[in-house]
Amino acid sequence: MSSTNDAPVLYAPREPIFPRRVSGRFRTLKWWIMGITLGIYYLTPWLRWDRGPEMPDQAVLVDLADRRFFFFWIEIWPHEFYFVAGLLIMSGLGLFLFTAALGRVWCGYTCPQTVWTDLYILVERWIEGDRNARVKLWNAPWSVRKARLRITKWIVWLLIGLLTGGAWVFYFTDAPTLAADLWRFEAHPVAYTTIGILTATTFIFGGFMREQVCIYMCPWPRIQGAMMDEDTITVAYREWRGEPRGKGNVRRRSMEEAMKAEAAAQAAGPGQQARYPVIPMPGQERTREPVTTGPGDCIDCMACVNVCPMGIDIREGQQLACITCALCIDACDDVMEKIGKPRGLIDYMALKDEAAERAGAEPTPVWKHVLRFRTILYTALWSLVGVGLVFALFIRPEVEMTVAPIRNPTFVIMSDGAIRNAYDVRLLNKQHEARTFELSLESAADLSLSIDNGSNLTVEVPADEILERRVYVTAPAGSEAASADRTELRLWVEDTGNANRAGVDTIFNGATQ
Amino acid sequence: MSDKPEETKDDVGTTGHSWDGIEEYNNPLPRWWLWTFYATIVWGVIYTIAFPAWPLISSATPGLLGFSTRADVAADIAAAAEANSELETTLAAADLTTVEPGDPLHSFATNKGAAIFRTYCSQCHGSGAAGVQAAGYPNLLDDAWLWGGTVDDIAWTVRHGIRNDDPDTRWSEMPAYGMIFSEDEIDAVVQYVLSISNQQHSAPLAAEGEPLFLDNCAACHGDAGEGDIYVGAPNLTDAIWLYGGDVETLTETVTNSRFGVMPPWEPRLSDAEINAVSLYVHGLGGGE
Ligand code: SF4
Ligand code: SF4
């Protein structure tokens, strides 16, 4: 390649990639996953869920205006945001777990970037043809046909992008209403802006940037290295079986010659280029001696390279760009079938197994790869958070009250010498009907309670609201609580309808100097 | 994993840079990245021209788009005032005794009143409205009122103030008994006041003070010392003291009298603002 004296190229243009069509087990699996994930994404906002009058009947709704999050029967208020935080932690740990066990399965199968890129490539193939046709079209000068194909493709891409951005906004407001408003150009500008931005990013990321997003923009490929080890099941090439590549004996002879030439070149000094970049599989010593038992199974047909959406050659070993989408497995299995060799020259396997097989040993059973310290740890952490969340969900109180003692001033002397403290009490009514709450006070000391100085201790909180009232606690003149530094007390709130109660402990400040 | 390098010089070449024999592989950045970088520079230049950006000595370049957060805030304030103008009008003319909690006018008024209180009243009465006893600024949270604690009484006090030039101001004046009584007489009256407010006192001195009190003080403070809100005379029997209820402070009060002043707010606050702050003070926990 370049000699050290050439001016270095600091910025490289993108090498266009034209993934070839492939079919097989993993491709089918990927189609299914694409259908299901896109289906969930596009249809979820349209699911209805009856919550009674005045309440949104959308099953999944992020109501930013009212600061409520509806998820089927679960309703999350702003102060319960720890549920969302918990779910994010679980997603993170889940990602760690899957990466530790199965490598970049998230990237290869479910990442939106992968799913939409796959969809865009599918459209591209429908309109411009498979790999060879696309390469030809790419190299052809502009013509009416090329322009027509390109424009058709871009229009379909844009439509998909528009639907993508369009579906997103429906999660934030009532979907049918918004759809009608959008259509009549009466929706909020934020909706149009969001759709515009998501359409543009989908179009650019899925249509033009594709693997560049995964390689250069996404932080995950860098992080995932820390999750994986030689036990992780990932897409790998059985080098011991495939090498040396070529066609039959002809290939073997030429390979031997090539090896000799390479060895000579190595002896002659650095700067010489091997025919194939020689990259050792991690965790093993690459043997440079020709395999004497005969030629390898790889016929160097390049099928695996041609189908790869990342434009890499998996035979060079593990690399950052590989998203373990397994399309190369499908392609190579197809070839192996045709030449009458067993499948699995490229396979989902642990790097440990490649080394074991090379040494003639039995590979480790899959469950042993999957069940190991770090996956068990991730599972345990994941379950811990999950159980915690479920638990929190079930012990969510029916009645909620917060009590904030007023500290400016901490107490007031009344004309009869009594000492009075004030508290801001907030009552939450998460139910969709008005409820009447009764406040009461529990204390060893002689304390009395009033709301806004009245004798009535019941409060009606309107449906779905938080009500704040000023509550006073008074210690009679000369009583112990009136002169003590602090006296403990508990405020109770009880739903008069069903006797559900909640208590909050607080402090009474006496008139000490 | 492998201790061999994953990439060799032969694969990618080097940039030709070499430091102490350490060479740099040539792994070029994507070109679009470079163009994105240039685009951000262009964007930055356009942005600084379009929006206020470069600091000058006392301001900044205004930017071509005329954008100003200050103008935005002013517009927001104007819009809020516009939206509230109807409530303002209603509040200015409202009968305060009928504005109940739960009424939108009430919450508007108490929120507005709280802001007015913090701006104009908190300097004397404290941000929590607990007053400052040492300086005789009344506590507005308790249930004792010198001039009455109904919302209308409070509104009158706010409007006209105490002992100032306003023709309708609240006015009362206690004589400085240092000019009238002997020191012994003052001591006796003080002991008597301590006795009627259930504090520790000397019974013989208090008995001496009683006739002096009835002759001189009862006219304003009442025969039993219960005070009189019509002349702003404090109740001397309760636990609340404007300036303090100990011997020393009472002696000082009787000797030199007190002359607390509150400015009239009518010239400075609108009717709606006076009503708002009165409702707020009334709602602090002591209103009658
Ligand atoms: S598809 Fe299989 S046989 Fe063809 S080049 Fe790739 S590894 Fe070799
Ligand atoms: S090398 Fe194979 S698994 Fe990796 S990205 Fe390419 S096709 Fe997918």
Side-chain angles (χ1 to χ4, degrees), chain A residues 1-14 208-209 212 215-217 229-230 265-266 270-274 277-286 316-320 351 406-420 422 450 452-453 460 469-470 472 477 511, chain B residues 1-18 23-37 101-102 107 110 122 126-131 133 139-145 197-199 227 234-235 237-241 245 283-288:
Chain A
M1 224 190 276
S2 67
S3 95
T4 45
N5 294 325
D6 289 342
V9 188
L10 294 180
Y11 299 98
R14 174 179 181 240
F208 302 95
M209 302 209 48
Q212 304 268 306
I215 300 175
Y216 296 104
M217 293 166 74
D229 55 24
E230 59 277 16
Q266 291 263 313
Q272 295 294 311
Q273 169 72 19
V278 179
I279 294 174
M281 298 286 286
Q284 79 191 36
E285 294 287 307
R286 175 178 171 126
E316 291 174 5
Q318 280 293 293
Q319 43 211 295
L320 176 135
L351 297 181
I406 304 295
R407 304 199 191 282
N408 179 15
T410 48
F411 67 88
V412 175
I413 306 176
M414 306 308 283
S415 55
D416 62 358
I419 303 297
R420 193 178 72 184
S450 77
D452 295 338
N453 279 340
E460 189 182 277
R469 293 297 286 271
R470 179 70 53 103
Y472 298 102
Chain B
M1 294 209 173
S2 170
D3 42 28
K4 280 193 178 181
E6 301 232 333
E7 211 160 51
T8 67
K9 193 165 105 181
D10 296 338
D11 296 334
V12 293
T14 74
T15 59
H17 303 153
S18 167
E23 287 174 290
E24 187 185 11
Y25 284 153
N26 180 20
N27 281 313
L29 273 177
R31 200 170 57 191
W32 59 261
W33 195 305
L34 179 71
W35 287 111
T36 311
F37 176 57
S107 52
T110 45
S122 61
S127 58
Q133 191 181 48
N139 183 338
L140 304 177
L141 302 168
D142 59 31
D143 55 349
W145 295 91
S197 59
N198 285 324
Q199 301 189 68
N235 182 338
T237 63
D238 65 12
I240 293 169
W241 297 95
L284 284 175
E288 289 166 0

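We name chains A, B, ... by the order of the sequence lines, and we start the count at 1 in each one.
B/Trp33 contributes atom CH2, which lies 10.0 Å from atom CD of A/Gln212 (distance to the nearest 0.5 angstrom). Taken to the nearest 0.5 Å, the CD1 atom of A/Ile406 stands 10.5 Å off from the CG atom of B/Leu284. We find the CG-CD1 distance between B/Asp142 and A/Ile419 to be 10.5 Å, quoted to the nearest 0.5 Å. Distance check, rounded to the nearest 0.5 Å: OH of A/Tyr11 to CG of B/Leu34 gives 5.0 Å.
Heavy atoms only, all atoms of each residue included: B/Ile240 and A/Ile413 are closest at CD1-O, 3.6 Å.
Contacts between A/Tyr216 and chain B at a heavy-atom distance below 4.5 Å involve backbone atoms as well as side-chain atoms. In this structure, the portion of B/Asn139 lying under 4.5 Å from any heavy atom of chain A is its side chain and not its backbone.
Heavy-atom neighbours of A/Phe208 CZ from other residues, nucleotides or ligands within 6.0 Å: above the threshold of 12.
A donor-acceptor pair under 3.5 Å is formed between the side chain of A/Arg420 and the backbone N or O of B/Leu141.
Looking at A/Ser415 and B/Asn235, their side chains never bring a donor and an acceptor atom within 3.5 Å of each other.
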